[in-house]
There are 2 protein chains.
Amino acid sequence: MVRAGLTTERLVRAGAELADEVGFEQVTVSALARRFDVKVASLYSHLKNSQDLKTRIALLALAELADRAAEALAGRSGKDALGAFADVYRDYALAHPGRYTAARYPLDPGTAAASAGPRHAQLTRAILRGYDLPEPDQTHAVRLLGSVFHGYVSLETAGGFAHSAPDSQESWTRIVDALDSLLRNWPTR
Amino acid sequence: MVRAGLTTERLVRAGAELADEVGFEQVTVSALARRFDVKVASLYSHLKNSQDLKTRIALLALAELADRAAEALAGRSGKDALGAFADVYRDYALAHPGRYTAARYPLDPGTAAASAGPRHAQLTRAILRGYDLPEPDQTHAVRLLGSVFHGYVSLETAGGFAHSAPDSQESWTRIVDALDSLLRNWPTR
DNA sequence: TGCAGCTTCCTAAAGGCTTTAGGCAAACCG
DNA sequence: CGGTTTGCCTAAAGCCTTTAGGAAGCTGCA
């Protein structure tokens with residue numbers, strides 16, 4: 001009996017690839033076992049259950065995304081930072097649809113707090129340093145930016161803007177322009 | 001053998017209620033059969049399969065949402081319309097989380113085109129009449145508004161803003177203010 | 001009223017995914 | 001090299017989906 005060399009780490013990475021290939025919804029413990037040519041039950045030594053697998057893939061995706069965002073923000077500010085950050089999200093979602101879906105898998109509060117989620121908020125806040133908003137407007141703006149990026153990419157990957165003019169890239173560019181303009185002229189009470 | 005009086009219509013409505021109670025993901029043909037105290041196979045005379053059920057719930061939710069949005073927009077314009085429209089989305093999502101999730105269930109292009117989806121775009125465009133944007137900016141703005149509403153509500157129902165100050169309602173109000181301001185000062189090329 | 005035919009719901013069965021329990025063999029470690 | 005740990009296996013139960021085929025209820029027409 002030759003051992004397959006399974007580890008939680010390898011399983012999660014393979015699960016992420018599987019998600020990108022067949023969709024996050026189709027990621028099952030069974031499919032993963034098939035991919036490693038191993039019996040299903042064997043995976044349960046490395047994963048608590050199916051939800052555990054999905055959660056771990058979600059955490060991987062969140063971390064990858066935060067890493068890329070952090071790198072993109074380095075040395076940039078203002079609109080330049082805003083655009084780079086936006087592109088990281090969109091590009092990641094288009095290149096890794098399964099992982100991106102995973103990144104929105106509901107986490108329980110404890111797990112969420114320990115995830116890269118807070119780093120995302122932190123990075124978004126860093127962008128706003130170039131715009132000089134007072135609290136609590138800064139928080140509102142963080143939520144707005146998160147909503148736009150997340151919402152746009154969501155709708156786009158769901159095929160929302162696929163077959164209509166103007167093309168999605170152009171809307172994306174113009175929306176980033178509009179957000180930049182909004183942040184520079186943020187309406188305070 | 002007393003008949004249960006199943007119809008596709010009743011099943012879909014019950015499915016929508018079930019979605020709100022236990023989550024859209026947990027809506028299964030089996031659960032629905034239990035709810036009607038009927039054997040699972042019986043439902044297959046009324047539903048093609050599990051995906052058919054989910055699709056129909058999605059269509060129901062999209063239609064309900066469009067109806068409410070249309071009603072909210074009647075007799076309003078400008079920021080008043082924008083705020084009313086935004087609230088319809090958010091209130092619907094908070095009151096009917098399962099249905100709201102269903103509304104984002106991926107539809108094949110043909111089904112999507114025949115759904116209330118286009119009505120949503122139409123309604124969003126109606127709001128913009130009060131802001132007088134030229135094409136193609138109007139389309140960009142439609143996409144922006146869709147993204148913000150969808151994205152915000154998504155993040156909120158996922159618990160994103162749940163346990164942090166300021167509270168979500170306030171951000172929502174201020175974001176609508178910000179969007180109004182942005183649309184009044186839309187940056188044209 | 002009676003029965004023909006359609007509809008509704010049923011039983012049966014096969015196949016897939018999840019999860020737990022318990023066992024054997026490989027790999028590591030002293 | 002023997003003992004322990006660990007990794008993967010078989011077995012089995014439970015739930016969900018979907019199809020096939022059968023019987024009971026309902027409807028309409030003679």
Side-chain angles (χ1 to χ4, degrees), chain A residues 1-60 97-99 101-102 104-108 111, chain B residues 1-60 98-99 101-102 105-108 111:
Chain A
M1 190 196 312
V2 186
R3 296 202 177 180
L6 305 180
T7 64
T8 303
E9 180 80 15
R10 283 189 66 199
L11 288 172
V12 172
R13 261 206 294 274
E17 285 164 25
L18 189 58
D20 286 336
E21 290 165 25
V22 304
F24 184 62
E25 299 310 317
Q26 322 307 320
V27 173
T28 67
V29 179
S30 292
L32 204 51
R34 274 192 295 276
R35 171 161 294 215
F36 280 91
D37 200 26
V38 139
K39 297 297 169 186
V40 188
S42 306
L43 301 201
Y44 282 82
S45 318
H46 305 279
L47 302 169
K48 242 181 43 223
N49 51 38
S50 182
Q51 191 191 322
D52 181 40
L53 170 61
K54 288 183 180 159
T55 299
R56 285 174 190 275
I57 296 173
L59 294 175
L60 174 69
R99 282 160 149 97
T101 301
R104 283 167 286 150
Y105 187 68
L107 305 175
D108 63 272
T111 310
Chain B
M1 189 196 311
V2 185
R3 294 200 178 180
L6 305 181
T7 64
T8 302
E9 180 80 16
R10 284 188 67 198
L11 288 171
V12 172
R13 261 206 293 273
E17 284 163 26
L18 188 58
D20 286 336
E21 289 165 25
V22 304
F24 184 61
E25 300 308 317
Q26 323 306 320
V27 173
T28 67
V29 178
S30 292
L32 204 51
R34 274 193 295 277
R35 171 161 294 216
F36 281 92
D37 200 26
V38 137
K39 297 297 170 183
V40 188
S42 306
L43 301 201
Y44 281 83
S45 320
H46 305 279
L47 302 169
K48 238 178 50 219
N49 51 39
S50 182
Q51 191 192 322
D52 181 40
L53 169 62
K54 288 183 180 159
T55 299
R56 286 174 190 276
I57 295 174
L59 294 175
L60 173 70
R99 282 160 150 96
T101 301
Y105 186 68
L107 304 176
D108 63 89
T111 310

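Note that the structure is a prediction, hence the values are computed from the model and not measured.
We find that CG of Leu6(B) is positioned 14 Å from C1' of dG25(D), with the value rounded to whole Å. Atom CZ of Arg10(B) and atom P of dT8(C) are 13 Å apart (whole Å). One atom, CD of Gln51(A), and another, C1' of dC17(C), lie 16 Å apart when rounded to the nearest Å. Regarding Leu32(A), its CG atom lies at a distance of 16 Å from the C1' atom of dG16(C), rounded to whole Å. Distance, Lys39(B) NZ to dA24(D) P: 17 Å, rounded to whole Å. Rounded to whole Å, atom C1' of dT18(C) lies 17 Å from atom CD of Glu25(A). Between the C1' atom of dT19(C) and the CG atom of Leu53(A) lies a distance of 14 Å, rounded to the nearest Å. Summarising the geometry, the separation between CG on Leu43(A) and C1' on dT20(C) is reported as 14 Å, rounded to the nearest angstrom.
OP1 and OP2 of dC15(D) both lie 4.0 Å or more from every side-chain N or O belonging to Arg34(B). OP1 or OP2 of dT18(C) sits under 4.0 Å from a side-chain N or O of Ser30(A). For His46(B), a side-chain nitrogen or oxygen approaches OP1 or OP2 of dC9(C) to under 4.0 Å. Side-chain N/O atoms of Ser42(A) include one lying less than 4.0 angstrom from OP1 or OP2 on dC9(D).
More than 12 heavy atoms of other residues, nucleotides or ligands sit less than 6.0 Å from atom CG of Asp108(A).
In this structure, Ser45(B) reaches the bases: a heavy-atom distance under 4.0 Å links it to at least one base atom across the strands shown.
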Walk me through whether Arg13(A) and Glu9(A) qualify under salt bridge (Lys or Arg N to Asp or Glu O under 4.0 Å). CA-CA 6 Å; Arg13(A) 261 206 294 274; Glu9(A) 180 80 15; 2.9 Å; yes
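Between Ala33(B) and Leu43(B), the closest heavy-atom pair is N-CD1, 3.7 Å.
You'll find the side chain of Val27(A) stays beyond 4.5 Å of the side chain of Leu32(A), heavy atoms only.
A side-chain contact (heavy atoms from CB on, under 4.5 Å) with Thr8(B) is found for exactly one of Leu11(B), Leu6(B), Val12(B), namely Val12(B).
Set against dA21(C), dC10(C), dT17(D), the side chain of Ala41(B) has dC10(C) as its closest nucleotide. Among dT19(C), dC16(D), dT18(D), the nucleotide with an atom closest to any side-chain atom of Asn49(A) is dT19(C).
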